[in-house]
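Working notes, structure below.
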Number of protein chains: 2
Amino acid sequence: MSDKHPELNLDNQLCFSLYAASRHITRLYQPMLKQHNLTYPQYIVLLILWQKEGMLVKDIGERAQLKSNTLTPLLKRLEQNGLVTRQRDSEDERQCYVYLTEQGKSLESVCACIPSQMLKQTEMPVEKLIELKQLLDQLMVTEVHGK
Amino acid sequence: MSDKHPELNLDNQLCFSLYAASRHITRLYQPMLKQHNLTYPQYIVLLILWQKEGMLVKDIGERAQLKSNTLTPLLKRLEQNGLVTRQRDSEDERQCYVYLTEQGKSLESVCACIPSQMLKQTEMPVEKLIELKQLLDQLMVTEVHGK
DNA sequence: AGTGATTTAATCGTGCACGATTTAAATATT
DNA sequence: AATATTTAAATCGTGCACGATTAAATCACT
């Protein structure tokens, strides 16, 4: 095993751990989300809408950190599945409001058990999970060169 | 803002932090990788091959936690770009070895500066980054129900 | 009013991820 | 030896991500 450049050892790379852990957790969600015919990114968007109804695509994008090129098709799928409706702002036709349907609203209570079920699948103590989340959130704001 | 189900608040979701942070870091890599015409997953595969030449697709997949349905097209692109070659094992024709080309090998030294450049972009102290990595690696092995 | 810049979504193309299936080769079992 | 099972990679279809561009509406400014 070559080690001329130990800094390039995969095991030393925080970034790979991040990449792998993210996909790992998404996989853990899938069995639960599949029951409601949802993907993980769709679930994220619903989490956002359950907090605040009638948001603009732009605002959802800010919250989820996704742009319209990802959101528009995703929202169309949610619309197709009867969970949201989309409506242009009559004041400013550029903007597009996204509303939950009754079916979309009713899914909130059904999904309320998902976080606790996810916790059960992790042996990690809650304090460590909180610590992990704090470190991740710090990482998001600490890069020198803002976007 | 509805809060009937605080457990569904996006801000309380470790999983979203993980998802967002992973994409965030990948975006930070892009300017550096683009110079070498690489994507982040391609870079991961090269990291693996720089450690150990002539691996099977299966072994690369185990290391990167990706299956052939993702790896095969990715490896074909690396082959197209002259960084690797693929060759069936003559002993066992099911298996496929992946070798670095000279160009692929020479990229290692060129990329050796990438990790330190990434570190520079993060204001987070190294100890915290190490802590974060340890927590992420723990998360990967702690779910009760094995794959 | 007219023109240029800005804003918002949508569109387009490429490259992952991944479940499911297929193909071919190797191994195990009868 | 013939058949069944297992294994490895490839193939297929769907849904993200995201850079780049487009189209339309609004705003800013002369």
Side-chain angles (χ1 to χ4, degrees), chain A residues 16 18-31 33-35 37-46 55-62 64-81 83-84 86-98 147, chain B residues 16 18-31 33-35 37-46 55-62 64-81 83-84 86-98 147:
Chain A
F16 176 71
L18 206 45
Y19 165 70
S22 173
R23 289 184 296 126
H24 179 72
I25 294 297
T26 303
R27 272 195 297 272
L28 289 185
Y29 267 98
Q30 279 190 16
L33 295 178
K34 204 166 60 179
Q35 289 181 276
N37 200 26
L38 289 175
T39 66
Y40 182 70
Q42 287 169 12
Y43 173 68
I44 295 289
V45 168
L46 288 180
M55 292 185 80
L56 297 172
V57 172
K58 174 183 141 70
D59 297 330
I60 297 172
E62 227 158 79
Q65 308 194 41
L66 293 167
K67 301 217 183 99
S68 66
N69 51 1
T70 299
L71 280 176
T72 299
L74 187 155
L75 289 167
K76 281 182 179 172
R77 273 171 226 121
L78 285 178
E79 191 173 37
Q80 201 97 37
N81 295 338
L83 300 178
V84 306
R86 295 178 313 135
Q87 192 165 358
R88 290 277 171 188
D89 181 1
S90 56
E91 302 281 303
D92 184 344
E93 290 280 347
R94 287 173 304 183
Q95 305 188 122
C96 184
Y97 278 105
V98 181
K147 62 178 72 166
Chain B
F16 177 71
L18 205 45
Y19 166 71
S22 173
R23 289 184 296 127
H24 180 72
I25 295 297
T26 302
R27 272 195 296 272
L28 289 184
Y29 268 97
Q30 278 190 15
L33 296 178
K34 203 166 62 178
Q35 289 182 275
N37 199 28
L38 289 175
T39 65
Y40 182 71
Q42 287 169 14
Y43 173 69
I44 295 289
V45 169
L46 288 179
M55 291 184 82
L56 298 172
V57 172
K58 174 183 140 72
D59 297 330
I60 297 171
E62 226 157 81
Q65 309 195 40
L66 293 168
K67 302 215 182 103
S68 66
N69 52 1
T70 300
L71 282 175
T72 298
L74 187 155
L75 290 168
K76 281 182 179 173
R77 273 171 226 122
L78 286 178
E79 190 173 38
Q80 201 98 39
N81 295 338
L83 300 178
V84 306
R86 295 180 310 137
Q87 193 166 358
R88 289 280 171 184
D89 181 0
S90 55
E91 303 280 303
D92 184 342
E93 290 280 347
R94 288 173 305 183
Q95 305 189 123
C96 184
Y97 278 105
V98 181
K147 65 178 75 162

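First the proteins, then the strands, lettered A, B, ... as listed; each starts at 1. Every heavy atom of this structure was used, including side-chain atoms; hydrogens, water molecules and symmetry mates were not.
- With sequence neighbours excluded, the residues that form a ring-ring contact (aromatic ring centres under 6.0 Å, His included) with Y29(B) are Y40(B), Y43(B).
- Separating the CZ atom of R88(B) from the P atom of dA25(C) is a distance of 9 Å, rounded to the nearest angstrom.
- Proximity of a side-chain donor or acceptor of N81(B) to a complementary backbone N or O of L83(B) within less than 3.5 Å is not detected.
- For L66(A) and dA9(C), the CG to C1' distance is 14 Å, given to the nearest whole Å.
- For the pair E62(B) (side chain) and D59(B) (backbone), a donor-acceptor distance under 3.5 Å is absent.
- Across all strands, D92(A) comes closer than 4.0 Å only to sugar-phosphate atoms, never to a base (heavy-atom distances).
- As rounded to whole Å, 16 Å separates atom P of dA26(C) from atom NZ of K58(B).
- A search for side-chain contact (heavy atoms from CB on, under 4.5 Å) contacts involving E79(B) returns V84(B), R86(B), not counting sequence neighbours.
- Whole-Å rounding puts the Q95(A) CD to dT7(C) P distance at 12 Å.
- Where S90(A) and S68(B) meet DNA chain D, the nucleotide closest to each residue was compared, and S68(B) sits on the side nearer the 5' end.
- Residue Y19(A) is in sugar-phosphate contact alone, with no base atom involved, counting any heavy-atom pair closer than 4.0 Å across all strands shown.
- Between T72(A) and dA10(C) there is a side-chain N or O to OP1 or OP2 distance below 4.0 Å.
- The separation between D59(A) atom CG and dT8(C) atom P is 9 Å, rounded to whole Å.
- Nucleic acid contact class of L71(A) (heavy atoms, under 4.0 Å, all strands): none.
- Judged purely by atom type and a 3.5 angstrom limit, D89(B) uses its side chain to pair as donor or acceptor with the backbone of E91(B).
- As judged by a 4.0 angstrom heavy-atom cut-off over every strand, T39(B) is placed among residues touching the sugar-phosphate backbone only.
- Proximity of a side-chain donor or acceptor of T70(B) to a complementary backbone N or O of L66(B) within less than 3.5 Å is not detected.
- In this structure, K76(A) reaches the sugar-phosphate backbone alone: every heavy-atom distance under 4.0 Å involves primed, P, OP1 or OP2 atoms, never a base.
- Put simply, chain B comes within 4.0 Å of DNA chain D, heavy atom to any atom, from dT7(D) to dG19(D), going 5' to 3'.
- Each of R23(A) and V57(A) lies near DNA chain C, and the nucleotide nearest V57(A) is the one positioned closer to the 5' end.
- A donor-acceptor pair is defined here as one N or O able to donate and one able to accept, closer than 3.5 Å; no such pair exists between the side chain of S22(A) and the backbone of L18(A).
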